[in-house]
2 protein chains.
Amino acid sequence: MRHGQDGEHVSVGAWTKRCYLAGRAVMDAALRPFDLGSTQWYVLWHLKSGGPIVQRDLGRALELERATLSGIVATLVRKGLIEQTSGGEDQRQRLLTMTSSGEALWRQLPDLSFISQAAFDGIDEADLATTTRVLRLATERLQALARTV
Amino acid sequence: MRHGQDGEHVSVGAWTKRCYLAGRAVMDAALRPFDLGSTQWYVLWHLKSGGPIVQRDLGRALELERATLSGIVATLVRKGLIEQTSGGEDQRQRLLTMTSSGEALWRQLPDLSFISQAAFDGIDEADLATTTRVLRLATERLQALARTV
DNA sequence: CAATATTCGTACGGTAGCAAACGATATGGA
DNA sequence: TCCATATCGTTTGCTACCGTACGAATATTG
């Protein structure tokens, strides 16, 4: 994608990047006062709504590689917001639990729903559905391609 | 975007991220044998097709912050693929030029157009146009929002 | 049961992005 | 002319991705 050729193909690729980065920028700005990164927020959100979870399962839910999540978990543990225990049948696994400190921080965080609302409100539902369908199809194709390369 | 609410809003946000990362993954895999990152590729591509350029102008063309491009330029200079000279009227500016070593590498690189083709070929042109329009609008809104936060 | 293969988490090194702060250089006014 | 202001590039420090390789633990298979 985005390799200097004309046509809608490249446009979609370029705008995909811009849109992703722009959304993250707003999220990062909203979370900056709390010293929290956007993916860290997702981890807390998942723990808040789903309770304790095995690290690997959280990685699958958030679509993060083990190495990526490992670093994020380490950061959150260092901040005292979550706890990483090895309590389970499978001794390889790590169970993640929110601490009371994490719960306290969570209560202070602003509601971030304004971001997607600002981005997509008022846009035709059919167009949004089309966009989702195109992006999903392209993603599936790219992920399949990645497995062959 | 992507904050755990239902509806097309969140879908678009989530797929935007997935699609961007999937495309980059394929590009990275294709460029890995050449020890070249995707953004480094864009810099070389821009220099190859547009000739020498002032660093700041390249940053605007690629939509990168000065700090981001500064690091990428340093990497490419370290690899001997580009040259950074201060030849100009404005002594603050740096002019970027491809080296012969960079030209040689460029000739070895594969054509990456297969990536966007694999992603988007066969998809209805109107749907691609809709997707581009939605993503552009959302991006503009998010960038405007970022300026107020 | 022993050997092999898989999986989980981590460490390391790399790419890519940003904000903030700084020195050097232009530029515009007073 | 001189000072305030803006701009360019860099540095520092951070988030967040990935692949590879490794040890430990579990599964599977012979």
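Just so it is clear: chains get the letters A, B, ... in the order the sequence lines come, proteins before strands, and each one is counted from 1. Keep in mind that this is a model prediction, so the values were computed, not measured.
Distances shown here put a side-chain N or O of B:T39 below 4.0 Å from the OP1 or OP2 atom of C:dG17. At C:dA26, none of the side-chain N or O atoms of B:Q93 fall inside 4.0 Å of OP1 or OP2 (strictly under the cut-off). Phosphate contact (OP1/OP2 of C:dA16, side-chain N/O of B:S38, threshold under 4.0 Å): present. OP1 or OP2 of D:dT10 lies within a sub-4.0 Å distance of a side-chain N or O belonging to B:Q84.
One cannot find a donor-acceptor pair under 3.5 Å joining the base of C:dG9 and the side-chain atoms of A:R94. Below the 3.5 angstrom threshold, one finds no donor paired with an acceptor across the side chain of A:R92 and the base of C:dG9.
Inter-residue side-chain proximity for A:V54 and A:R94 is flagged as unmet; no heavy-atom pair is nearer than 4.5 Å.
Ring planes of A:W41 and A:W45: parallel class, angle under 30° (limits at 30 and 60°).
Within 4.0 Å (heavy atoms only), A:R66 reaches at least one base atom of the nucleic acid. In this structure, A:L64 reaches the sugar-phosphate backbone alone: every heavy-atom distance under 4.0 Å involves primed, P, OP1 or OP2 atoms, never a base.
A salt bridge is defined here as a Lys NZ or Arg NE, NH1 or NH2 lying under 4.0 Å from an Asp or Glu carboxylate O, and B:E63 with A:K17 fails to meet this definition.
Remark: P of D:dG9 and CG of B:L76 are 15 Å apart, rounded to the nearest angstrom. As rounded to whole Å, 11 Å separates atom C1' of D:dG9 from atom CG of B:L96.
For the 3.5 Å distance criterion, the side chains of B:Q84 and B:Q55 qualify, holding a donor opposite an acceptor.
Taking for each of A:T68 and A:D35 the nucleotide of DNA chain D with the nearest heavy atom, the 5'-most of the two is the partner of A:D35.
Distances from the side chain of A:E65 to the nucleotides D:dA16, D:dG19, C:dT15 place D:dG19 closest.
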